[in-house]
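Here the structure is laid out as structure tokens; the discussion comes afterwards.
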Amino acid sequence: MASLAKAYPNAHCELNYSNPLELLVATILSARCTDQRVNLVTAKLFKKYRSAADYARVPLPELEQDIRTTGFYRNKARSLKGCGQALVERHDGQVPNTMEALTQLDGVGRKTANVVLGNAFHLNYGVVVDTHVARLAQRLGLTQEKDPEKIEQALMALVPQTQWTQFSHWLIWHGRRRCTARKPDCRGCELRALCPRIGVTTPI
DNA sequence: ATCCCGAGGG
DNA sequence: CCCTCTGGAT
């Protein structure tokens, strides 16, 4: 973990947002999509949609077109509109700050909820297990589990609670920059010394 | 287990 | 062409 801290001292959430609602929306859009593309879409989106009520009242086809290039746009549009309606009806238009309330929102699972709790509310409720964290936890031999929730349990047991959110960012940054899915750069990897794959399944 | 879905890299 | 990108619902 010290190696990661040294390699990525400035690791942080790379989605652009200025309030909890914007982070919730950006994170829902980020499913199977690069954060760079999400930021491209939200740059326009957040000027048009400024409150939960704006998502609640927009016609679905219009919202679909506004987010189309993030992929899965029909599902995501339904989720965003459903979230907007739920926030207006049950949460006074505000984004809730508990796992229970967040995961009841349309299209919000533990991963998305942990992103919102950890970054918008600065609560270390859990570890964000996305595609990068899951892949790196496997490669680094931190767990053999494949189910995201079990991976999260394993990582929470390994890392002090005060670092859960930061630890997620370290793995995500490392996964994007070095330990990529298709072609990991093992030569320049900061974690060579402690990676079980070096010299085994991955040469050089 | 399968579906949703566009965009970019190799 | 195939795989991957800060997943979640059925």
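So that the names make sense, note that chain A is the first sequence line, chain B the second, and so on, each numbered from 1. Heavy atoms only: backbone and side chains are in, while hydrogens, waters and symmetry mates are out.
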What is the nucleic acid contact for [X], judged by heavy atoms within less than 4.0 Å: base, sugar-phosphate only, or nothing?
X	result
A:Q36	nothing
A:V115	base
A:R135	sugar-phosphate
A:T70	nothing

Can you check whether A:F72 stacks with the C:dG7 base, using ring centres under 5.5 Å and planes within 30°?
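Stack criterion met.
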
Got [X] and [Y] here, is their nearest side-chain heavy-atom distance under 4.5 Å?
X	Y	answer
A:L63	A:Y49	yes
A:L60	A:K81	yes
A:T180	A:D185	no

How many Å lie between [atom1] on [X] and [atom2] on [N], as a whole number?
X	N	atom1	atom2	answer
A:N114	C:dG7	CG	C1'	13 Å
A:D147	C:dG8	CG	P	12 Å
A:R177	C:dT6	CZ	P	10 Å
A:D130	C:dT4	CG	C1'	13 Å
A:I67	B:dC4	CD1	P	16 Å
A:L24	C:dT6	CG	C1'	14 Å

Taking OP1 and OP2 of [N], is either one under 4.0 Å from a side-chain nitrogen or oxygen of [X]?
X	N	answer
A:T112	C:dT6	no
A:R110	C:dG7	no
A:R32	B:dC5	no
A:R176	C:dT6	yes

Would you please indicate yes or no on a ring centroid separation below 6.0 angstrom for A:H174 and A:Y8?
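Yes, the ring centres sit under 6.0 Å apart.
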
Please measure how far the C1' atom in C:dC2 lies from the corresponding atom in B:dC5, and state the result in whole Å.
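Pairwise C1' distance, C:dC2 against B:dC5, rounds to 16 Å.
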
Can you tell me how far P in C:dT6 sits from the matching atom in B:dG9, rounded to whole Å?
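Pairwise P distance, C:dT6 against B:dG9, rounds to 13 Å.
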
Is a side-chain donor or acceptor of A:K76 paired with a backbone partner of A:L29 at a separation under 3.5 angstrom?
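Side chain of A:K76 to backbone of A:L29: a pair is present.
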
Taking donor-acceptor contacts at under 3.5 Å, does the side chain of A:R182 reach the base of C:dC3?
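Checked by distance alone, the answer is yes.
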
